[in-house]
There are 2 protein chains.
Amino acid sequence: MADVARRAGVSMATASRALSNHPHVAAETRARVLAAAEQLSYVISPEASRLAGGATGRVAVVVPHISRWFFAALLDGLESVLRDADLDVLLYHVGDTADRRDFFQRLPARRKVDAIVVLGMPVRDDERARLELMGVHIVAAGGQVENYPSVSIDDTAAGRQAVDHLIFLGHRRIGMIAATDPAEPGWPTGPGRTMAYRAALADAGLPDDPELVVTVEWGGRNGAAAMERLLSLREPPTAVYAHSDEVALGAMRTLRRAGLRIPEDMSVVGIDDHPMAELADLTTVAQPVHEQGVLAGRMLRKLLAGEPGADGVTVPTRLVVRGSTAPPRR
Amino acid sequence: MADVARRAGVSMATASRALSNHPHVAAETRARVLAAAEQLSYVISPEASRLAGGATGRVAVVVPHISRWFFAALLDGLESVLRDADLDVLLYHVGDTADRRDFFQRLPARRKVDAIVVLGMPVRDDERARLELMGVHIVAAGGQVENYPSVSIDDTAAGRQAVDHLIFLGHRRIGMIAATDPAEPGWPTGPGRTMAYRAALADAGLPDDPELVVTVEWGGRNGAAAMERLLSLREPPTAVYAHSDEVALGAMRTLRRAGLRIPEDMSVVGIDDHPMAELADLTTVAQPVHEQGVLAGRMLRKLLAGEPGADGVTVPTRLVVRGSTAPPRR
DNA sequence: TGCGTAGTCGGAAACGCTTCCAGCGGTTGC
DNA sequence: GCAACCGCTGGAAGCGTTTCCGACTACGCA
């Protein structure tokens, strides 16, 4: 930077001000500095800049499963707005339980970022305590995180949309394939999605047969296995509600293999509106995933700018009727 | 850090050496410093550390499409090994042409990273020139990038495996759905995949009917449209080779809608072995995506350690036969 | 006993910026 | 006409590390 200043015939102080867009620099001087920087193809050293100044210009993004569509889409949306704000994204993948413990214990992002956003992942209280040690803003998206400004869907409402649709079509015997997060075995992805099922059945005066509920780890293959369980019942359901599209897609594969027709012999409904759902003609409850990432990014920008961000946003879901649901055969 | 040094009763110089695992520190002293740091829950300021020292401990990862499975899986693999090496991942998404130009023009990662890895994306010569301005190591994965140490599959071989399979089954009239990258219209994803098709046909003594080739942008929906084109021919093919599974899945949807049976009326083969391919019972040529990311990460570690990394690795692909291919009806 | 040496440790100078404070010439208000 | 003021600029003090270099200790050997 000394070179640039010399070339522009100004002091380092002025050069610094010009380069970082501070006021109190004559337009002409600024132009001269910028030109000098350009010629020397000089860029400010972020390290030195942060050392002396304040913010790092970086945001940590914590995500449990990079290669799953839902999380990747969330990240995509988030990244786009952070990039527009000239914020760099530091990616932290906390795939399994060990990673996760390690992340919250070591806090590898400490002192490295201005904020942290947690994607699609509930944060436990003890983890929250660790996170707060970092003393930076925290935002969540796509997961049911309390205590933080966050954006997500209403899982219960989404579940209701799916199950109510099946009930409306006339189904009385409805199975549910609940998905748990493989990283947190036994922990339901969305407790709301399960509650919605029971509430919908109760409201419709239908019995809640525990046989009809099977819980598996997330994933198409497990969805397929779950459907096998359901088919092995003495009296299988006439419709199945899956907690996510991938699981539903797995279930459909089992049905196809069994020679059953969809939707004539069995209706299937999922949640998410995964791109594959369209190709598979799967009825589902769509949630705006990319948009949730975008909203979280905007929220963060506000927070970083010092404005009091909204506490939380719930984005709407909507039923997308395709060819995998129909009234039951009588 | 001054606090830590004081508490441990040593100078800052010694504290620094102890904390960054340098030699020439008595074991007992080091333990004392570490304990003091622990008690004060102190972590080194990376900014200051880099300013004085050398490396940033960060790696830039450039990826064209975060939310597509292939790229996300690559990133997943890469991230896991970088994390093990205590390297932070700075994510740069260059979705469309504008992003891309902007990235290579502004080089936002400049001075921020020790290395850069390009995922699933060919780099043009002019872009390469810009990249080299950063003066850091460069590694590529999942794309056909020349001049860099890189890991990828042999696209031509993969294409041959797919097309040869169809030919072996007895198909004589084989369609191809070629995919281009939406970010770089007109640019074939894998020129090799196209060449393989022509070479296979030629080797089998089959005519190369231009009608049978349709080129679309990547994506399931476009795959579906491409299949419609193929079905509108006077004499449609008996089998279709798609450049990627998503495209193949789209094609299958059109076939299903048309009431055609797979594989009886039409065989379909893809490339990638997308998780959905298994659920859709799609025959495909599998490539180890996650592993390519891992290998790229290892290569980078070597490079950063000063060892001469291998110039490039080609990982093998293999045909996975499922239910979407069969001999043609006669 | 004296001296060289290996192993540790401390002082202090960078590292490349930002920002406080002061100075400078020129305006404005009375 | 003078003082107060304003916009712009420069000097210099940090910011929190690392590392060079010199000093100090304890020990082995002649």
Side-chain angles (χ1 to χ4, degrees), chain A residues 1-38 40-58 86 88 107-114 134-136, chain B residues 1-38 40-58 86 88 107-114 134-136:
Chain A
M1 170 151 168
D3 290 345
V4 173
R6 201 172 314 120
R7 188 180 189 108
V10 298
S11 72
M12 284 194 40
T14 305
S16 170
R17 278 186 287 251
L19 289 169
S20 37
N21 254 330
H22 272 278
H24 298 298
V25 179
E28 197 267 340
T29 309
R30 163 162 304 145
R32 205 143 33 86
V33 173
L34 259 28
E38 174 68 22
L40 297 168
S41 84
Y42 162 89
V43 284
I44 275 186
S45 155
E47 318 296 346
S49 174
R50 298 333 175 188
L51 218 209
T56 66
R58 262 173 255 138
D86 256 313
D88 283 320
L107 291 180
R110 221 153 152 223
R111 292 251 237 170
K112 292 180 186 169
V113 297
D114 299 333
M134 292 177 55
V136 297
Chain B
M1 170 152 165
D3 292 344
V4 173
R6 201 173 313 120
R7 188 180 191 110
V10 298
S11 73
M12 285 196 36
T14 306
S16 171
R17 279 186 287 253
L19 289 170
S20 38
N21 255 331
H22 272 278
H24 297 299
V25 178
E28 197 265 339
T29 311
R30 164 164 302 144
R32 205 143 33 86
V33 173
L34 259 28
E38 173 69 23
L40 297 168
S41 83
Y42 161 89
V43 283
I44 273 187
S45 155
E47 317 296 346
S49 176
R50 300 332 176 187
L51 218 209
T56 66
R58 261 173 256 138
D86 256 315
D88 283 320
L107 291 180
R110 243 221 281 192
R111 291 253 237 170
K112 294 180 184 167
V113 296
D114 300 332
M134 293 178 55
V136 297

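Letters A, B, ... mirror the listed sequences (proteins, then strands); counts begin at 1.
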With a non-hydrogen cut-off below 4.0 angstrom, is B/Arg111 in contact with a base, only sugar-phosphate, or nothing?
-> sugar-phosphate
Tightest non-hydrogen contact, residues A/Arg58 and A/Lys112, listed as NH1-O, 2.9 Å
Heavy atoms only: give me the nearest B/Ile44-B/Leu19 pair and the separation to one decimal.
-> CD1-CB, 4.1 Å
Does the side chain to side chain contact (heavy atoms under 4.5 Å, CB included) test come out yes or no for B/Arg17 and B/Thr29, once each step is laid out?
-> CA-CA 10 Å; B/Arg17 279 186 287 253; B/Thr29 311; over 6 Å; no
Check every atom of D/dC8, D/dT18, C/dG16 against the side chain of A/Leu51 and return the nucleotide holding the closest atom.
-> C/dG16
Which one, D/dT18, D/dG14, C/dG10, comes nearest to the side chain of B/Ser20?
-> D/dT18
Go through B/Arg50 and A/Arg50 one step at a time and tell me if the side chain to side chain contact (heavy atoms under 4.5 Å, CB included) criterion holds.
-> CA-CA 11 Å; B/Arg50 300 332 176 187; A/Arg50 298 333 175 188; over 6 Å; no
Take B/Arg110 and A/Ser41, measure what side chain to side chain contact (heavy atoms under 4.5 Å, CB included) needs, and give me the verdict at the end.
-> CA-CA 11 Å; B/Arg110 243 221 281 192; A/Ser41 84; 4.2 Å; yes
Whole angstrom value for the distance that separates P of D/dT19 from CD1 of B/Ile44 = 11 Å
Smallest separation among heavy atoms of A/Met1 and A/Ala15, with atom names | CE-C, 3.6 Å
Take the protein atom CE of B/Met1 and the nucleotide atom C1' of C/dG10, then report the distance between them rounded to whole Å.
-> 12 Å
Over how many whole Å does the gap from A/Arg6 atom CZ to D/dG10 atom C1' extend?
-> 15 Å
Side-chain N,O (B/Ser45) to OP1/OP2 (D/dG16) below 4.0 Å = no
Choosing from C/dT19, C/dT18, D/dT18, which nucleotide comes nearest the side chain of B/Ser49?
-> D/dT18
Respond yes when some side-chain nitrogen or oxygen of A/His22 is under 4.0 Å from OP1 or OP2 of C/dT19, and no when none is.
-> yes
A/Asp3 atom CG is separated from C/dC15 atom P, nearest whole Å, by 12 Å
Can you tell which of C/dT18, D/dT17, D/dG10 lies closest to the side chain of A/Val10?
-> D/dG10
Hey, is the side chain of A/Thr14 poking within less than 4.0 Å of OP1 or OP2 on D/dG10, counting only N and O atoms?
-> yes
If you check the B/Thr29 side chain, which of C/dT8, D/dT17, C/dC17 turns out closest?
-> C/dT8
Between CE of B/Met12 and P of C/dG11 the distance, given in whole Å, is 11 Å
Closest listed nucleotide, where the reference is the side chain of A/Val25 and the choices are D/dT17, D/dT9, C/dC17 | D/dT9
Report which part of the nucleic acid B/Ser16 touches: base, sugar-phosphate, or nothing (heavy-atom distance under 4.0 Å, all strands).
-> base
Is A/Ala13 touching bases, backbone alone, or none of the nucleic acid, heavy atoms closer than 4.0 Å?
-> base
For atom CG of B/Leu19 and atom P of D/dT19, their distance in whole Å | 13 Å
Can you tell which of C/dG10, D/dG10, D/dC15 lies closest to the side chain of A/Ala52?
-> D/dC15
Interatomic distance where CG belongs to B/Asn21 and P belongs to D/dT18 [whole Å] = 11 Å
Between B/Arg30 (CZ) and C/dT8 (P), how many Å, whole number?
-> 10 Å
Donor-acceptor pair under 3.5 Å: do we get one between B/Arg17's side chain and the base of C/dG10?
-> yes
